[in-house]
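Okay, structure first, notes after.
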Amino acid sequence: MIDINFVRENPDLVAKGSMQKGIKVDIGKLLILDEHRRDLLNQIDSVRQERNQVAQASSGKKPDTEQQARGQQLKAKLTQLESDFKEADKDFLKLLRAVPNMPLEDVPIGDSEDENVVYKTGGNPPQFSFTPLSHQEIGEKLDLIDKVRAAKIAGSRFVYLKADLVRLQFAIIAFVINELGNKEVIAKLIADNHLNIPNHPFVPVLPPALLKTAPYEASARLNAEETTYKIEQDDLWLNASAEHTLCTMFMDEVLPKDELPLRFIGYSTSFRREAGSYGKDFEGILRLHQFDKLEMEVFSTAESGLEEHKLLVAIQEHLVSSLGLPYQIMNKCTFDIGKPNARGVDINTWFPSQQLYRETHSADYLTDYQTRDLKIRTRSDNNKLELVHTNDATAFAFSRILAAIMENYQDQDGHFNVPPVLVPYLGGQVKI
RNA sequence: GGAGAGGUACCGAAGUGGUCGUAACGGGGCGGUCUCGAAAACCGCUGUACGGGCAACUGUACCGAGGGUUCGAAUCCCUCCCUCUCCGCCA
C-alpha cells in the first residue's frame with residue numbers, strides 16, 4: 001500500500017496519479033478517515049494512560065473502592081473507544097489499500113491500452129510458403145495437446161500437455177535456470193544496458209503453490225473476484241503466479257543490506273479463475289485456468305530498484321531472442337500498468353496464426369508498495385530501517401511460450417523445429 | 001488424525017495476576033578504559049510501530065495471532081496458527 005504520510009502531504013498528486021491510472025479513489029474521504037482514526041487513537045492513548053496510573057497507584061495492595069470505581073469507568077470508556085477505533089481503522093485501511101502506487105515520471109500517460117508505447121521490435125515474423133496452422137491444430141495433429149479429455153476431467157480452460165511438448169517445457173526450464181544462474185550472463189546484460197548494479201545470479205526456487213489470506217492481502221496481489229481460487233475448508237488461496245509466494249517470502253524480515261539485491265527464479269503452477277474473460281481465447285492454450293510459469297523476483301534497495309527493473313526487461317529480451325522468437329517491447333501506459341505498479345513493461349511475441357503480437361511477458365516495478373504492508377526492510381548505512389523495493393517479471397509463461405514456438409517454428413509437414421538453443425537440452429533432437 | 005512439549009528482545013533463556021517491555025541471567029553487537037596493536041579484563045550502551053512536540057522530549061502498544069476475565073495479564077480462560085517428539089496415515 002501507499003504511504004499515508006505521502007498522501008497527507010501530497011493529496012493532489014495522489015489524486016492525479018490515481019486518475020491517470022483510471023482508478024477511482026476518494027482522497028478527501030481517506031484523509032477524513034485518517035483524521036478520525038488518529039483522533040480516536042489519541043483518546044484511547046490518554047484513557048490507557050490514566051488506567052495505567054490507577055493500576056500503578058494501587059499496585060501491590062488491594063485497590064480502594066474509589067480506585068476500583070474509577071478503573072471500572074475507564075474500562076467502559078476504553079471498550080467503547082476501542083470498538084469505535086477498530087471500525088474506523090478497518091474503513092481507513094480498506095480505502096488506503098485501494099489507493100494505487102504512483103506511476104514513475106517516464107510512464108506514458110494514457111486512458112486505454114492503445115496508449116502503450118512499443119519502443120523496440122526484435123526478430124522478423126517468419127514467412128511461410130503455406131498457410132500457417134494454429135498451435136492448437138499442430139498440437140492436435142501431433143497428439144501434444146488434449147483439451148477434450150481435460151474438459152471431461154476438469155472443465156474448460158484445462159489441458160493435457162503430452163510427449164515432446166512436455167520435454168520441450170523441461171528443456172526451457174533447464175535453459176532458463178542455467179542462464180540466470182550464470183554470473184557472466186547477468187554481468188554482460190548489466191554492462192550492455194549501462195546499469196550499475198551487482199551481477200548476483202538468480203537462485204532457483206520451487207515455492208509453495210498456496211498461501212494464506214494475510215500475506216496475500218499484504219502483497220497487493222489478491223484478486224478474489226476475478227482471478228484467485230480459494231480453498232474453502234482452509235485459510236488458503238491457490239497462487240496466481242509464483243510471484244505471489246516469492247514476494248511474500250521475506251514478510252516481517254529485515255534483509256542484510258550487503259546481500260541485496262536478492263534475485264530469484266521461481267517455478268510454479270499458477271491458477272486463475274479468468275472470471276472476466278468468458279469467450280476470450282478459447283482456442284488453444286493461451287488462456288488456461290492452470291499453467292506453469294518461470295518467474296523472476298528481485299528484492300533490492302530503493303536506489304537500485306529502477307535499474308533492477310531495466311535488468312529484468314533486458315533478461316526477458318535476452319531469453320525471448322535466444323529462442324529466436326519475433327517480439328516487441330512495450331512501455332505500458334498509466335492505465336495499463338496496474339494498481340501496485342510504478343512502471344510496467346510488456347514483451348509481446350509474434351503468433352503467426354493470429355498475425356498478432358500477443359502478451360507473453362510482463363515486468364513490474366512495485367517500488368515499496370508491497371513491502372510497506374509486508375514489512376520487508378533493510379538497514380540503511382546510518383542504521384535506519386528502510387523499505388526494500390520489489391520487482392517481478394516473467395521469464396517464461398508456459399503454455400503461451402510453447403504455443404509461440406509451435407507456431408513460429410512450424411513446417412509444411414505439420415511438425416515444428418526445436419529452437420537451436422534448446423537442442424542440447426533435448427538430447428540433440430531438432431524437430432518435434 | 002491421536003498423545004505430549006513448546007512459541008518471551010539479535011541468539012539462548014528466566015519470569016505463572018500488581019514497581020512498570022529494553023523485560024533477570026548468559027552470549028553476541030556497538031562505544032570506552034587499558035595496549036605499539038590485538039586478546040583478556042573492566043565500564044557503559046543495545047528493539048519496533050503509531051501518536052503529540054520546532055526540539056530536548058513525551059504518550060501508547062507490542063512476551064506466536066485474535067478474543068475474554070480483572071481496578072490491573074507475559075502470567076488465568078477460549079479459539080486459531082506455527083515448531084518439536086511419539087503414534088497413525090501417506091509420496
Side-chain angles (χ1 to χ4, degrees), chain A residues 1-9 30-97 99 206-219 222 230-237 239 245 248-260 267-269 368-388:
Chain A
M1 61 187 173
I2 199 164
D3 183 0
I4 183 62
N5 290 304
F6 182 81
V7 183
R8 280 176 203 152
E9 284 157 27
L30 176 65
L31 291 175
I32 290 168
L33 290 177
D34 173 46
E35 188 84 38
H36 179 54
R37 180 185 164 280
R38 274 192 290 168
D39 176 51
L40 286 170
L41 200 55
N42 279 328
Q43 292 184 51
I44 286 173
D45 281 356
S46 54
V47 174
R48 279 177 178 159
Q49 184 178 11
E50 195 184 343
R51 180 199 62 186
N52 291 348
Q53 285 162 355
V54 171
Q56 203 161 334
S58 65
S59 96
K61 49 189 188 285
K62 220 180 158 203
D64 60 39
T65 45
E66 197 186 316
Q67 286 168 332
Q68 204 155 336
R70 184 63 188 147
Q72 267 158 359
Q73 262 174 29
L74 290 170
K75 190 159 79 165
K77 197 167 165 190
L78 193 57
T79 306
Q80 182 59 50
L81 281 170
E82 279 172 343
S83 115
D84 292 351
F85 173 77
K86 214 171 150 182
E87 198 63 29
D89 193 47
K90 208 174 91 188
D91 295 344
F92 165 74
L93 197 62
K94 192 175 167 196
L95 195 52
L96 182 62
R97 279 181 163 160
V99 180
L206 289 174
L210 286 77
L211 65 163
K212 299 184 194 189
T213 305
Y216 218 156
E217 272 184 343
S219 76
L222 182 58
K230 178 79 177 36
I231 304 291
E232 274 311 326
Q233 61 272 53
D234 294 291
D235 176 34
L236 288 169
W237 303 77
N239 77 352
T245 42
T248 46
M249 179 163 52
F250 297 113
M251 186 167 84
D252 295 325
E253 292 190 42
V254 177
L255 305 177
K257 194 164 190 177
D258 56 7
E259 289 178 17
L260 298 179
Y267 179 74
S268 175
T269 303
D368 56 11
Y369 193 79
Q370 290 183 309
T371 54
R372 179 166 294 105
D373 225 349
L374 286 167
K375 296 189 178 62
I376 305 176
R377 295 169 295 179
T378 189
R379 290 222 180 254
S380 68
D381 297 329
N382 57 8
N383 214 32
K384 288 266 178 293
L385 285 169
E386 54 186 36
L387 293 169
V388 160

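FYI, side chains are in, hydrogens and waters are out, and symmetry mates aren't considered; it's all heavy atoms of this structure. Everything quoted here is computed from the prediction, not taken from an experiment. Numbered from 1 within each chain, the chains take letters A, B, ... in sequence-line order.
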Item to complete: Mind checking R8(A) for me? I need base, sugar-phosphate or nothing, with any heavy atom below 4.0 Å counting as a touch.
Response: sugar-phosphate
Practice prompt. Could you state the atom-to-atom distance from NE2 of H36(A) to C1' of G51(B) in whole Å?
Written response: 16 Å
Worksheet, complete the sentence: D84(A) meets the side chain to side chain donor-acceptor pair (under 3.5 Å) criterion, sequence neighbours left out, with Q80(A)
Worksheet, complete the sentence: T213(A) meets the side chain to side chain donor-acceptor pair (under 3.5 Å) criterion, sequence neighbours left out, with D235(A), W237(A)
Worksheet item: Whole-Å distance between G51(B) C1' and I4(A) CD1?
Response: 14 Å
Item to complete: Would you give the length of the straight line joining atom CG of L374(A) to atom CG of D368(A), rounded to the nearest 0.5 angstrom?
Response: 11.5 Å
Worksheet, complete the sentence: By side chain to side chain contact (heavy atoms under 4.5 Å, CB included), E35(A) pairs with (sequence neighbours left out) R38(A)
Response to the item:
Sequence neighbours excluded, the answer for side chain to side chain donor-acceptor pair (under 3.5 Å) partners of D89(A) is R37(A)
Worksheet item: Below 4.5 Å, heavy atoms only, C-beta onward: do R97(A) and E217(A) meet side chain to side chain?
Response: yes
Practice prompt. Using atom CG of N5(A) as one end and atom P of G51(B) as the other, report the distance to the nearest whole Å.
Written response: 6 Å
Worksheet item: Is R37(A) touching bases, backbone alone, or none of the nucleic acid, heavy atoms closer than 4.0 Å?
Response: nothing
Item to complete: Within residues 39-51 of chain A, find the residues that approach RNA chain B with a heavy atom at under 4.0 Å, and present them sorted by residue number.
Response: L41(A), N42(A), D45(A), R48(A), Q49(A), R51(A)
Discussion item. Roughly how many Å apart are U35(B) and G26(B), using the P atom of each and rounding to a whole number?
Written reply: 27 Å
Worksheet item: Looking only at atom C1', what distance separates C10(B) and A23(B), rounded to whole Å?
Response: 15 Å
Worksheet item: Which part of the nucleic acid does K75(A) contact within heavy-atom distance under 4.0 Å: base, sugar-phosphate only, or nothing?
Response: base
Worksheet item: What is the nucleic acid contact for N52(A), judged by heavy atoms within less than 4.0 Å: base, sugar-phosphate only, or nothing?
Response: sugar-phosphate
Item to complete: Calculate the interatomic distance between R379(A) atom CZ and U46(B) atom P; express it in whole Å.
Response: 14 Å
Worksheet item: Which is it for L236(A) and L211(A) under the side-chain contact (heavy atoms from CB on, under 4.5 Å) test, yes or no, and what are the steps along the way?
Response: CA-CA 5 Å; L236(A) 288 169; L211(A) 65 163; 5.6 Å; no
Worksheet entry | Residues that Y216(A) engages under side chain to side chain donor-acceptor pair (under 3.5 Å), provided they are two or more places apart | H244(A)
Worksheet item: For Q233(A) and G1(B), what is the distance between atoms CD and P respectively, to the nearest whole Å?
Response: 12 Å
Item to complete: Can you tell me, in whole Å, how much space there is between the C1' of G15(B) and that of A39(B)?
Response: 36 Å
Worksheet item: Counting side-chain heavy atoms from CB outward, which of G51(B), A49(B), G67(B) is closest to R377(A)?
Response: A49(B)
Item to complete: Using the P atom on both, measure U33(B) against U48(B) and round to a whole Å.
Response: 27 Å
Item to complete: Would you kindly compare Q53(A) and A69(A) by the position of their nearest RNA chain B nucleotide and give the one closer to the 5′ end?
Response: Q53(A)
Worksheet item: What is the distance from CG of L96(A) to P of C50(B), rounded to the nearest Å?
Response: 12 Å
Worksheet entry | Separation between the C1' atoms of G72(B) and U16(B), rounded to whole Å | 16 Å
Worksheet item: What is the distance from NZ of K375(A) to C1' of G47(B), rounded to the nearest Å?
Response: 15 Å
Worksheet entry | Pairwise P distance, A65(B) and A73(B) [rounded to whole Å] | 16 Å
Practice prompt. Go ahead and write out RNA chain B as dot-bracket, 5' to 3': ( ) for pairs within the strand, [ ] for ones crossing earlier pairs, | when the partner sits on another strand, dots for unpaired; Watson-Crick or G-U wobble, both distances under 3.5 Å.
Written response: ((((((((.[[[..)..(......]]]((((((.......))))))((((((....)))))).[[[[[..)....]]]]])))))))....
Worksheet item: Does the pair L78(A) and R51(A) meet the rule for a side-chain contact (heavy atoms from CB on, under 4.5 Å), with working shown?
Response: CA-CA 9 Å; L78(A) 193 57; R51(A) 180 199 62 186; 3.5 Å; yes
Worksheet item: Who pairs with T269(A) by side chain to side chain contact (heavy atoms under 4.5 Å, CB included), at least two apart in sequence or on another chain?
Response: F271(A), Q290(A), D292(A)
Worksheet entry | Of all pairs that satisfy salt bridge (Lys or Arg N to Asp or Glu O under 4.0 Å), the ones with a partner from residues 39-48 of chain A, not counting sequence neighbours | R48(A)-E82(A)
Worksheet entry | Atom-pair distance (CG on L93(A); P on A49(B)), nearest Å | 17 Å
Fill in: P atoms of C20(B) and U60(B), separation to the nearest Å
15 Å
Practice prompt. Name the nucleic acid region contacted by K384(A), choosing base, sugar-phosphate or nothing; use a 4.0 angstrom heavy-atom cut-off, strictly under.
Written response: nothing
Discussion item. Taking the P atom in each of U8(B) and C45(B), what is the distance between them to the nearest angstrom?
Written reply: 25 Å
